[in-house]
Amino acid sequence: AYERTCRYLCRKTNSVVVCVGYRLAPEHPFPAQFEDCLTAAIHFLRTAQEHGVDPSRVVACGDSSGGTLTAAVAQALVKRRDLPKLRAQILIYPFLQCVDLNLPSYQQNEGVPILLKERTLVFGLKYVKRDLGLVEDIFKGCHVSEDRRRKYRKWVGPDHIPQEFKARGYNSSPTYLPLEAVCELAEPMFDPIFSPLLAEDSVIAQLPETFLLTCEFDVLRDDGLLYKKRLEDHGIKVTWCHLQEGFHGTV
């Protein structure tokens with residue numbers, strides 16, 4: 001599916017492009033996909049010169065779930081002192097958090113193809129091998145414990161979304177009490193590998209320069225806006241492109 005896209009990027013940017021054929025869920029459960037991408041990134045950073053590449057100019061890039069993996073790999077690499085640092089990361093309408101699935105973009109675009117609101121969560125649950133019967137409770141926020149709610153409210157929530165993105169409609173959601181059993185089952189979804197927006201400040205502050213693309217008609221639009229804010233709050237340079245007529249999968 002991405003062969004032509006990668007060849008196009010290669011020609012237009014005069015770059016060496018490496019496409020990682022990572023293993024897929026549910027046959028290969030989370031976090032096998034991240035581990036494959038991280039292994040490939042480490043290998044390429046170590047051998048870049050063999051491919052005619054300056055190791056100080058390596059950029060990680062991905063769209064949709066690939067954007068999630070790119071963000072997670074970039075975070076993992078900030079801790080490595082034995083490797084060249086990534087020059088930049090390119091995140092194209094990435095999925096970045098599962099704390100709040102009632103953000104304005106989720107409400108406004110819940111029925112917009114191809115990434116419907118419910119489909120987004122179904123994909124996520126299949127990724128971490130959890131029962132699809134959790135869908136309604138997670139939409140209500142019952143999977144987030146009180147401790148997590150207190151911690152994450154400084155990073156995730158409609159208050160962090162600029163007012164202009166609420167113009168197409170937004171209603172604050174009722175608050176439901178957390179359900180202990182659901183919180184336990186949802187535990188893997190709060191891992192920064194699954195939800196990179198939830199990484200600690202000490203990690204975010206070390207990330208490379210970032211290009212971030214969001215689309216107006218995309219449930220994941222606000223994930224991108226929230227990550228943009230977190231990066232900029234830590235002084236990371238962000239080049240942001242918002243496609244006013246764009247939709248998920250537009251690449």
Side-chain angles (χ1 to χ4, degrees), residues 2 9 17-20 22-25 30-42 44-45 58-80 83-101 103 105-106 115 120-121 123-124 127-128 152 154-156 160-161 188-215 218-242 248-251:
Y2 278 79
L9 287 171
V17 174
V18 178
C19 186
V20 183
Y22 57 84
R23 290 168 293 170
L24 301 178
F30 169 86
Q33 300 69 25
F34 162 76
E35 291 166 350
D36 288 352
C37 291
L38 181 61
T39 299
I42 291 170
F44 189 74
L45 285 166
V58 176
V59 177
C61 172
D63 76 314
S64 193
S65 57
T68 313
L69 292 165
T70 298
V73 166
Q75 291 178 3
L77 290 174
V78 303
K79 304 166 190 170
R80 300 291 297 255
L83 297 168
K85 291 186 178 297
L86 284 180
R87 172 65 184 85
Q89 60 176 345
I90 295 174
L91 309 177
I92 301 171
Y93 39 73
F95 171 91
L96 297 170
Q97 62 84 31
C98 70
V99 174
D100 188 344
L101 300 182
L103 293 169
S105 62
Y106 270 100
L115 194 61
T120 305
L121 182 50
F123 284 162
Y127 185 32
V128 291
Y152 296 148
K154 61 186 174 182
W155 302 331
V156 184
H160 301 297
I161 303 297
M189 303 174 83
F190 298 105
D191 188 324
I193 293 172
F194 185 95
S195 296
L197 183 61
L198 306 183
E200 297 297 332
D201 288 336
S202 58
V203 173
I204 299 292
Q206 298 181 71
L207 288 170
E209 183 176 347
T210 301
F211 176 90
L212 179 62
L213 184 139
T214 54
C215 293
D218 181 6
V219 291
L220 301 183
R221 180 196 70 198
D222 293 350
D223 281 26
L225 296 179
L226 292 172
Y227 207 48
K228 173 179 179 287
K229 182 180 187 304
R230 280 208 75 193
L231 292 167
E232 291 177 337
D233 284 349
H234 285 278
I236 307 300
K237 183 180 177 183
V238 178
T239 300
W240 174 48
C241 175
H242 181 64
H248 196 86
T250 196
V251 164

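Residue numbers run from 1 in the order of the sequence given. In what follows, every heavy atom counts, from backbone to side chain, and hydrogens, waters and symmetry copies are set aside.
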Determine yes or no for a side-chain-to-main-chain donor-acceptor pair under 3.5 angstrom, with [X] supplying the side chain and [Y] the backbone.
X: Q75; Y: A199; answer: no
X: S65; Y: D63; answer: no
X: Y227; Y: A71; answer: no

Quick one: [atom1] on [X] to [atom2] on [Y], what's the gap to the nearest 0.5 Å?
X: I161; Y: L226; atom1: CD1; atom2: CG; answer: 4.0 Å
X: L103; Y: L225; atom1: CG; atom2: CG; answer: 9.5 Å
X: F44; Y: T39; atom1: CZ; atom2: OG1; answer: 15.0 Å
X: T68; Y: L96; atom1: OG1; atom2: CG; answer: 6.0 Å
X: L77; Y: L45; atom1: CG; atom2: CG; answer: 6.0 Å
X: C19; Y: L9; atom1: SG; atom2: CG; answer: 10.0 Å

Minimum heavy-atom separation for [X] to [Y], with atom names?
X: P208; Y: I236; value: O-CG2, 3.3 Å
X: C241; Y: F211; value: CB-CZ, 3.7 Å
X: V20; Y: A40; value: CG2-CB, 3.7 Å
X: Y93; Y: T250; value: OH-N, 3.3 Å
X: F194; Y: G124; value: CE1-O, 3.8 Å

Quick one, [X] and [Y] - any side-chain contact, counting heavy atoms below 4.5 Å?
X: C37; Y: T70; value: no
X: D223; Y: Y106; value: yes
X: L207; Y: L86; value: no
X: V99; Y: M189; value: no
X: L101; Y: T120; value: no
X: H248; Y: L220; value: yes
X: F95; Y: S64; value: no
X: I193; Y: F30; value: yes

### Message
Counting only heavy atoms from other residues, nucleotides and ligands, does the tally under 6.0 Å from NZ of K154 exceed 12?
### Response
yes
### Query
Does any donor atom in the side chain of S195 or Q97 lie under 3.5 Å from an acceptor atom in the other side chain?
no
### Message
My understanding is that only residues two or more places apart in sequence, or in another chain, count here; which of them pass ring-ring contact (aromatic ring centres under 6.0 Å, His included) with H160?
### Response
none
### Task
Applying side chain to side chain donor-acceptor pair (under 3.5 Å) between E232 and each of H234, K229, K228, R230, report the one that passes.
K228
#### Entry: Pair V78-I204, side-chain contact (heavy atoms from CB on, under 4.5 Å): steps then yes or no
CA-CA 9 Å; V78 303; I204 299 292; over 6 Å; no
### Message
With side-chain contact (heavy atoms from CB on, under 4.5 Å) as the criterion, how do L121 and F123 come out once you've worked through the C-alpha distance, each side chain's angles and the decisive distance to 0.1 Å?
### Response
CA-CA 5 Å; L121 182 50; F123 284 162; over 6 Å; no
### Summary
From the list D218, V251, I92, side chain to side chain contact (heavy atoms under 4.5 Å, CB included) partner of L213 resolves to I92
